[in-house]
Novice: 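Below are the structure tokens for one structure; questions will follow.
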Amino acid sequence: MSRDSDNECRRLLEMTRSELARERDRADQLQSLIDHDSETGLLRHHILVRRLNRLIHEKRARFAFGIIRLDRNYQRIRHSRDRLKVLLYVTAERIKRVLGPGNLYQSDRSDEFLFFLPDISGEDEIDAAVTDIMDTVREFHNPPASDISFGCNIGVAIFPDHAESVKELEENAEIALGVHEEVRWGGFLYSPEIGATYHENNTLESVLRNGILDGFSGFHVAYQPLVDVNGAILGCEALMRWDAPGHGSISPTRFIPLAEQSGPIVYLGKWILYQVLGQVKIWREQLSETLFASLNMSLVQLEQPDCVEMITVAMNSHKLPGDALQLEVTESALMENPEAVRKNLQAFQKMGIRIMLDDFGTGYSSLAMLNTLPVNTLKIAKEIIDDFPGDPRSVEIVRAIMSISESFGFTTLAEGIEKEEQYRSLVQEGCHILQGFLFSIPLSAKEFQALFRATH
Ligand code: C2E
Ligand code: MG
Ligand code: MG
């Protein structure tokens, strides 16, 4: 072979080699694009599935699989895409730091991450990791660090304790997330009981829908007296009751969250509003013309675009003035969607409807912000009253609430009063309105009427 053709051959070989290398790079790049999420840079779901399948196949490891879903508030910042990208990226980075490299993955949903905790021995390890994740997300995304506040919900299942396959593991972590979110037990781990609750909830939900479709059969209202410092009835809190066919009486702490999650709360809310206004109309004519009813409002209801119109129409059709109604909202509702909710509450106040902050003192609202909120009354949570006045801390909290309330010109109400001593001390501290089993349990309309007559 001549020297020239030898060189030519080498050149061609070299070209082919670099062509091949480029091709390989391109393939690697493509694979990397497929394997990584473009926004967070995290490895994607299918890579985790592959890893978990391998581990399950080896059958040696005990590991935990978890889902981290950013909460409702996160969905509300969808309007700004760039901002969202940055938020997601930083959130992922922070969680990655907590979990260690290689253990956080991107789910197929953009508001969701998946994680993996290898070689776990006890549930304490999972508990610690979950607490760290929740704290990290909450700390970072709550004022003053950011103007948007959101947290996350987490569901975890363990192999081999809770599942035999990746599919089952994913399903059970999802069930754990859903149930814990719904019932607000503050947990995150799957268990057979959680699985049973999930299936029960599904059943209850359809019974609830059927009850609504069947003219709200099984639902009724209980009225718990709200009294002044002398024990005289001023009004009542209307509380929903449900006798579910085949399931007995279900607590509102159980069925209200179910109804909130799947939508029927809007119908139930409208139904109870008309029941209560009809009753107050009669009582104002027969018992006292200043009597009022206090109604609990879920965030879901307050976010309905026609929320103000619906209540205005109801008030007008009963020819009732605004002061016949009070609305109870929780701190979290006010904090979770401040703008939409605030506008609606202001509209209610303009109509003369008073707004009460329910379960006050258990949430995370900043006291300094209180005077900017459209609120008339603070309702001190039962959890605080339970320890009052025995526990000095509860006394301190009650005094702090009273003093803030006074400086902002709010009315204060204490709920869950069961003992004479709580009553006396609360009056001494300057509380205006009282509610609790000491005065009366929630009553039927007939019983309420009888009690009113007997005490006036
Ligand atoms: P809430 O608004 O904080 O209602 C007060 C709860 O405390 C009621 O429970 C009442 O029966 C109970 N309670 C009052 N005084 C005492 C007491 O002295 N001792 C004890 N142990 N309990 C007392 P209930 O009726 O089970 O309602 C639970 C929650 O369900 C309510 O808490 C409210 O958040 C929700 N809820 C009830 N009815 C409705 C409704 O019509 N709409 C909405 N959105 N939520 C409702
Ligand atoms: Mg209430
Ligand atoms: Mg309450």
Side-chain angles (χ1 to χ4, degrees), residues 182-184 208 212 216 218-227 231 233 235-243 249-277 279-280 292-304 307 310-311 314 325-334 336 341 354-363 375-388 401 412-423 426 431 433-444 447-448:
E182 233 165 55
V183 297
R184 297 173 200 152
L208 187 92
I212 293 176
F216 297 91
F219 293 94
H220 55 103
V221 188
Y223 301 88
Q224 187 175 28
L226 304 177
V227 306
I233 298 176
C236 57
E237 176 174 9
L239 295 158
M240 211 180 299
R241 296 288 174 261
W242 182 35
D243 295 320
S249 168
I250 310 281
S251 162
T253 53
R254 176 97 197 274
F255 74 79
I256 296 281
L258 271 185
E260 284 173 345
Q261 283 247 322
S262 54
I265 188 68
V266 176
Y267 307 107
L268 284 174
K270 187 168 176 180
W271 170 80
I272 192 172
L273 174 72
Y274 277 79
Q275 297 291 310
V276 168
L277 291 184
Q279 196 57 68
V280 171
F292 62 87
S294 199
L295 204 58
N296 295 285
M297 291 281 279
S298 303
L299 175 62
V300 188
Q301 293 173 268
L302 286 167
E303 284 177 336
Q304 298 298 309
C307 168
M310 195 267 288
I311 292 188
L325 187 66
Q326 286 198 18
L327 298 177
E328 300 193 11
V329 296
T330 56
E331 285 172 74
S332 49
L334 258 177
E336 272 177 38
V341 171
R354 277 161 299 166
I355 308 297
M356 175 132 72
L357 212 45
D358 202 354
D359 304 333
F360 185 72
T362 53
V375 163
N376 306 83
T377 308
L378 300 183
K379 192 182 227 191
I380 309 172
K382 180 177 177 303
E383 285 84 340
I384 294 171
I385 302 302
D386 280 344
D387 302 330
F388 180 82
I401 296 178
T412 40
L413 190 158
E415 69 179 341
I417 302 170
E418 292 178 349
K419 300 189 202 97
E420 202 58 55
E421 189 194 10
Q422 293 169 318
Y423 169 36
L426 281 162
C431 189
I433 308 179
L434 308 142
Q435 174 183 11
F437 292 176
L438 179 68
F439 309 101
S440 170
I441 58 164
L443 305 169
S444 70
E447 291 165 334
F448 181 88

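The first residue in the sequence is number 1, and the count goes up from there. Because the structure is predicted, anything quoted here is derived from the model rather than measured. Both counts, for ligands and for their atoms, begin at 1 and track the order of listing.
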Novice: Atom CD1 in I233, atom OH in Y223: separation rounded to 0.5 Å?
Specialist: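 Between I233 CD1 and Y223 OH, I get 14.0 Å after rounding to 0.5 Å.
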
Novice: Check whether Q224 reaches the backbone of S440 with its side chain - one donor and one acceptor, N or O, closer than 3.5 Å.
Specialist: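 Looks like yes, one N/O pair under 3.5 Å.
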
Novice: Tell me which part of T330 gets within contact of ligand 1: side chain, backbone, both or neither, using heavy atoms under 4.0 Å.
Specialist: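 It is neither; nothing of T330 touches ligand 1.
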
Novice: May I ask you to check whether F437 has an N/O atom sitting below 3.5 Å from an N/O atom of ligand 1?
Specialist: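 Yes, at least one N or O pair falls under 3.5 Å.
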
Novice: Show which atoms of ligand 1 fall inside a sub-4.0 Å distance from at least one heavy-atom site of T253.
Specialist: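 Ligand 1 atoms under the 4.0 Å threshold to T253: 28 (C).
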
Novice: Out of D359, V329, N296, whose heavy atom sits nearest atom 2 (O) of ligand 1?
Specialist: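 Answer by nearest heavy atom: N296.
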
Novice: Write down the atom of L273, the atom of A314, and the distance for their closest heavy-atom approach.
Specialist: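 Nearest pair, atom of L273 first, then A314: CD2-CB, 3.5 Å.
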
Novice: If you compare all heavy atoms of I441 against all heavy atoms of P225, which two are closest, and at what distance to 0.1 Å?
Specialist: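 Looks like O-CD, 4.0 Å.
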
Novice: Below 4.0 angstrom from a heavy atom of P442, which ligand 1 atoms are there? Numbered from 1 as shown, please.
Specialist: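 In order of number, 11 (O).
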
Novice: In the complex you have, is atom 12 (C) of ligand 1 within reach of the protein, judged by whether a heavy-atom distance drops under 4.0 Å?
Specialist: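 Not a single protein heavy atom is under 4.0 Å away.
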
Novice: Please determine whether side-chain contact (heavy atoms from CB on, under 4.5 Å) holds for the pair L434 and L413, giving the CA-CA distance in whole Å, both sets of side-chain angles, and the decisive distance to 0.1 Å.
Specialist: CA-CA 5 Å; L434 308 142; L413 190 158; over 6 Å; no

Novice: Of the backbone atoms (N, CA, C, O) and the side-chain heavy atoms from C-beta on, which set of L239 has a member under 4.0 Å from an atom of ligand 1: side chain, backbone, both, or neither?
Specialist: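 The answer is both.
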
Novice: Check whether Q422 reaches the backbone of K419 with its side chain - one donor and one acceptor, N or O, closer than 3.5 Å.
Specialist: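 Yes, Q422 side chain to K419 backbone: donor-acceptor pair under 3.5 Å.
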
Novice: Out of R254, E418, M240, Q224, whose heavy atom is nearest to atom 41 (O) of ligand 1?
Specialist: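 Closest candidate by heavy-atom distance is M240.
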
Novice: Within less than 4.0 angstrom of ligand 1, does E260 place any heavy atom?
Specialist: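 No, E260 has no heavy atoms under 4.0 Å from ligand 1.
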
Novice: To make sure I understand the geometry: which N, O or S atom in E237 is closest to the Mg ion (ligand 2)?
Specialist: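 So the atom name we want here is OE2.
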
Novice: Using protein heavy atoms only, decide if any is under 4.0 Å from atom 6 (C) of ligand 1.
Specialist: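 Within 4.0 Å: no protein heavy atom nearby.
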
Novice: Quick one: closest heavy-atom pair of C307 and L302, and the distance?
Specialist: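 Shortest heavy-atom separation between C307 and L302 comes out as SG-CA, 3.9 Å.
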
Novice: Salt-bridge test for E415 and K379: reply yes if a basic N is under 4.0 Å from a carboxylate O, no otherwise.
Specialist: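 Salt bridge between E415 and K379, a charged N being under 4.0 Å from a carboxylate O: yes.
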
Novice: Quick one: which ligand 1 atoms are inside 4.0 Å of a heavy atom on P252?
Specialist: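 Checking each atom against P252, I get 24 (P), 25 (O), 26 (O), 27 (O), 28 (C), 30 (O), 37 (C).
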
Novice: Only heavy atoms of G436, strictly under 4.0 Å: list the atoms of ligand 1 that pass.
Specialist: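 This gives 15 (N), 18 (O) as the contact atoms.
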
Novice: Where does S298 meet ligand 1, judged by heavy-atom distances below 4.0 Å: at the side chain, the backbone, both, or neither?
Specialist: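 Under 4.0 Å from ligand 1, S298 contributes backbone and side-chain atoms.
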
Novice: Which atoms of ligand 1 sit under 4.0 Å from any heavy atom of K382?
Specialist: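 With K382 as reference, the close atoms of ligand 1 come out as 19 (N), 20 (C), 21 (N), 22 (N).
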
Novice: Is R354 salt-bridged to E328, cutoff N-O under 4.0 Å?
Specialist: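 Between E328 and R354 there is no salt bridge, as every charged N stays at least 4.0 Å from the carboxylate O atoms.
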
Novice: Under 4.0 Å from atom 32 (O) of ligand 1, is there at least one protein heavy atom?
Specialist: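 Under 4.0 Å from atom 32 (O) of ligand 1, zero protein heavy atoms found.
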
Novice: Within the 3.5 Å criterion, strictly below it, is a donor on E237 or N296 matched to an acceptor on the partner's side chain?
Specialist: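 N296 and E237 do have a side-chain donor-acceptor pair below 3.5 Å.
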
Novice: Purely on distance, is any nitrogen or oxygen of S251 under 3.5 Å from one on ligand 1?
Specialist: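 Such a contact does not occur with ligand 1.
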
Novice: Looking at ligand 1, would K379 count as a contact under a 4.0 Å heavy-atom criterion?
Specialist: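 The answer is no, since K379 has no heavy atom less than 4.0 Å from ligand 1.
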
Novice: Are more than 12 heavy atoms, taken from residues, nucleotides or ligands other than F439, located less than 6.0 Å from that residue's CZ atom?
Specialist: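 More than 12 heavy atoms, drawn from other residues, nucleotides or ligands, come within 6.0 Å of this atom.
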
Novice: Strictly inside 4.0 angstrom of atom 9 (O) of ligand 1, do you find any protein heavy atom?
Specialist: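 Neighbour list for atom 9 (O) of ligand 1 is empty of protein heavy atoms (cut-off 4.0 Å).
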
Novice: Which atoms form the tightest heavy-atom contact between E260 and V300, and what is the distance?
Specialist: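 Closest pair (atom of E260, atom of V300, distance): O-CG2, 3.8 Å.
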
Novice: Could you identify the single nearest non-hydrogen protein atom to atom 1 (P) of ligand 1 and state the distance to 0.1 Å?
Specialist: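 Of the protein heavy atoms, D358 OD2, 3.7 Å lies nearest.
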
Novice: Has D359 got an N, O or S atom lying less than 2.8 Å from the Mg ion (ligand 2)?
Specialist: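 Of the N, O and S atoms in D359, none lies under 2.8 Å from the Mg ion (ligand 2), which means no.
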
Novice: Look only at the side chain of D359 and the backbone of A381, and say whether a donor-acceptor pair between them is shorter than 3.5 Å.
Specialist: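 No; zero donor-acceptor contacts below 3.5 Å.
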
Novice: Heavy atoms only, cut-off 4.0 Å: how does I417 contact ligand 1, side chain, backbone, both, or neither?
Specialist: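 Backbone only.
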
Novice: Any donor and acceptor pair, going by atom type alone, linking the side chain of Q261 with main-chain N or O of L258 inside 3.5 Å?
Specialist: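 Not at all, since once roles are kept as given, no pair shorter than 3.5 Å links the two residues.
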
Novice: Looking at D358, pick out the N, O or S atom nearest to the Mg ion (ligand 3) and give its name.
Specialist: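 Within D358, restricted to N, O or S, the Mg ion (ligand 3) is closest to atom OD1.
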
Novice: Taking N, O or S atoms only and a limit of 2.8 Å, check whether N296 reaches the Mg ion (ligand 2).
Specialist: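 For N296, the answer is yes, given that an N, O or S atom comes within less than 2.8 Å of the Mg ion (ligand 2).
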
Novice: Applying a 4.0 Å heavy-atom criterion (strictly less than), which segment of Q301 is in contact with ligand 1: side chain, backbone, both, or neither?
Specialist: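 Looking at Q301 and ligand 1, just side chain atoms fall under 4.0 Å.
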
Novice: If only atom types and distance count, is the side chain of S298 paired as donor or acceptor with the main-chain N or O of Q301 below 3.5 Å?
Specialist: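 No: the side chain of S298 does not pair with the backbone of Q301.
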
Novice: Is the distance between the Mg ion (ligand 3) and the nearest N/O/S atom of E328 smaller than 2.8 Å?
Specialist: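 Here the distance criterion (N, O or S atom, under 2.8 Å) is not met by E328, so no.
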
